[in-house]
Amino acid sequence: MTTFALLLTSAGFASQGPGSALQFARAVLQLGHSIDHIFLYQDAVLLASNQIDLPADEPDISAELAEFCQRQQIPLLFCVTAAEKRGLMSETVPARNGYIGAGLAEFALRQSNVDKLVQF
Amino acid sequence: MQNILLIQRHAPFNSSHGREALDLLLAMAAVEHQVSVLFSADAVYQLLPTQEQAAFRLKAYPRSFKLFALYDIDQVYVCQASLLQRNIQPSQLSINAQLVDAAQIQQLISQQHQVICS
Amino acid sequence: MAELNYLQVDGKQLALDKHGYLSDLQLWDQQVALAFAARENIELSEAHWEVVHFVRQFYLEFNTSPAIRVLVKAMAQQLGADKGNSKYLFLLFPQGPAKQATRIAGLPKPAKCL
């Protein structure tokens, strides 16, 4: 059994990255491996916005990812600094439900528990 | 403690990739991982001296590369082929970096627990 | 936080960012440092000034405000271990040396986790 972590750096709506990450994460669990955490950095922090508004016939990867992580009890972390720099959240504007603010230091520390880090 | 390699691939001032990757590298080094960094493709432009370039409207983060010594980051590599393709001489680089060819890069990657791309 | 948006120095109003740091680091001088220090309830001794000048020099060289860890290390290298340790720095700047010293030195807020 392998312990994975996923690092997302590509934007949600604007790229395929997060969708691929979600499919990969499901496959990892199906094959009996585990995921220590998923960390959003660079443009991937856009997934943590609670202002995402999509028509019903377009996949909401941000919501699917949050729902998947909640069900599987996988910490879904985003870099607060990267999010603040993009104007995504503040003291009065929270992140989307299911997304947990963290720092690069936490991501760095968590790498000690991880066998493989996969980046999307 | 993990061996972690960061591969910088982006030109310095047309996106925030290089800057945010640098922050990530420093965070990794700050918690005592054994980190190394490879400047490859257009990221070799990050190593040219850029003291003042206010017109770019992005922070002059390459000046912070001098922090590497303070963070005990001594494995700094630059892709030789990328320099050649862009006609950049090693003597033009603003920091000390070890030139590596394809075989050495392969070996470098094989020594890592984790590889992160900017 | 409205009252934190400006710093009064010699009858002039200097703009601050929303975290209470000087907006334009070029406008810094000793009077600005004294005004910041007064607001932080710190009386600047020679030891304080040494740290303030050190972090300012650090910024000018590396183009970034030092986080505490790297500030300690840089000071240890240049000024010796008796000054380059977090206990010494916390005695001078009890609310957090990286935060307070960079603010008094007119620099931007240091990054959280570096």
Side-chain angles (χ1 to χ4, degrees), chain A residues 1-12 14-18 20-21 24 28 33-48 77-89 101-120, chain B residues 1-38 40-43 46 56-61 64-65 67-68 70-73 75 105 108-118:
Chain A
M1 200 195 87
T2 303
T3 303
F4 285 88
L6 306 190
L7 169 63
L8 273 59
T9 50
S10 47
S15 87
Q16 170 65 21
S20 300
F24 180 81
V28 162
H33 304 295
S34 67
I35 299 174
D36 183 78
H37 64 277
I38 296 177
F39 186 78
L40 316 182
Y41 191 49
Q42 295 185 340
D43 280 352
V45 297
L46 294 166
L47 289 164
L77 313 171
F78 67 92
C79 174
V80 176
T81 305
E84 285 174 350
K85 284 182 178 175
R86 286 165 175 79
L88 282 184
M89 60 208 52
L104 287 174
E106 174 165 3
F107 173 67
L109 283 168
R110 279 179 173 271
Q111 297 320 301
S112 302
N113 316 322
V114 167
D115 301 316
K116 286 195 187 298
L117 177 69
V118 184
Q119 184 178 1
F120 291 90
Chain B
M1 192 203 75
Q2 306 277 65
N3 294 342
I4 300 173
L5 170 67
L6 173 78
I7 305 181
Q8 288 271 25
R9 297 177 304 170
H10 291 269
F13 297 120
N14 61 358
S15 74
S16 63
H17 280 99
R19 195 273 162 92
E20 291 193 305
L22 172 66
D23 287 348
L24 181 57
L25 180 75
L26 297 181
M28 292 286 186
V31 300
E32 315 291 333
H33 290 302
Q34 185 67 48
V35 302
S36 43
V37 56
L38 168 66
S40 157
D42 277 348
Q46 294 181 21
F56 283 115
R57 309 308 295 149
L58 280 173
K59 183 169 167 146
Y61 66 91
S64 306
F65 292 160
L67 283 170
F68 287 167
L70 274 175
Y71 281 83
D72 295 323
I73 301 171
Q75 296 182 74
I105 291 172
L108 178 64
I109 290 174
S110 72
Q111 292 162 353
Q112 309 301 320
H113 296 107
Q114 295 167 7
V115 178
I116 298 172
C117 285
S118 74

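Atoms considered below: every heavy atom in the structure, side chains included; atoms not considered: hydrogens, waters and symmetry mates. In what follows, chains are A, B, ... by sequence order, proteins preceding strands, each numbered from 1.
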**Prompt:** Sequence neighbours excluded, which residues qualify as side chain to side chain contact (heavy atoms under 4.5 Å, CB included) partners of I105(B)?
**Reply:** L38(B), C79(B), V100(B), I109(B)
**Request:** Heavy-atom distances under 4.5 Å only: say whether M28(B) touches chain A with side chain, backbone, both or neither.
**Result:** both
**Request:** Please state whether the side chain, the backbone, both or neither of V118(A) comes within less than 4.5 Å of a heavy atom of chain B.
**Result:** neither
**Message:** What part of L109(A) gets within 4.5 angstrom of chain B, counting heavy atoms only: side chain, backbone, both, or neither?
**Reply:** both
Are there donor-acceptor atom pairs under 3.5 Å between chain B and chain A, and if so which?
residue: Q2(B); atom: NE2; partner: Q111(A); partner atom: O; Å: 3.0
residue: Q2(B); atom: NE2; partner: V114(A); partner atom: O; Å: 3.0
residue: H17(B); atom: O; partner: Q42(A); partner atom: NE2; Å: 3.3
residue: E20(B); atom: O; partner: Y41(A); partner atom: OH; Å: 2.5
residue: E20(B); atom: OE1; partner: R86(A); partner atom: NH2; Å: 2.8
residue: E20(B); atom: OE2; partner: R86(A); partner atom: NH1; Å: 3.0
residue: H33(B); atom: NE2; partner: A108(A); partner atom: O; Å: 2.6
residue: Q114(B); atom: NE2; partner: Q111(A); partner atom: OE1; Å: 3.4
residue: C117(B); atom: N; partner: Q119(A); partner atom: OE1; Å: 2.8
residue: C117(B); atom: O; partner: Q119(A); partner atom: NE2; Å: 2.7

**Item:** Nearest heavy atoms of A27(B) and A108(A), plus distance in Å
**Value:** O-CB, 3.6 Å
**Message:** Once ring pair (Phe, Tyr, Trp, His ring centres under 6.0 Å) is applied, do any residues pair with F78(A), and if so which ones, sequence neighbours excluded?
**Reply:** none
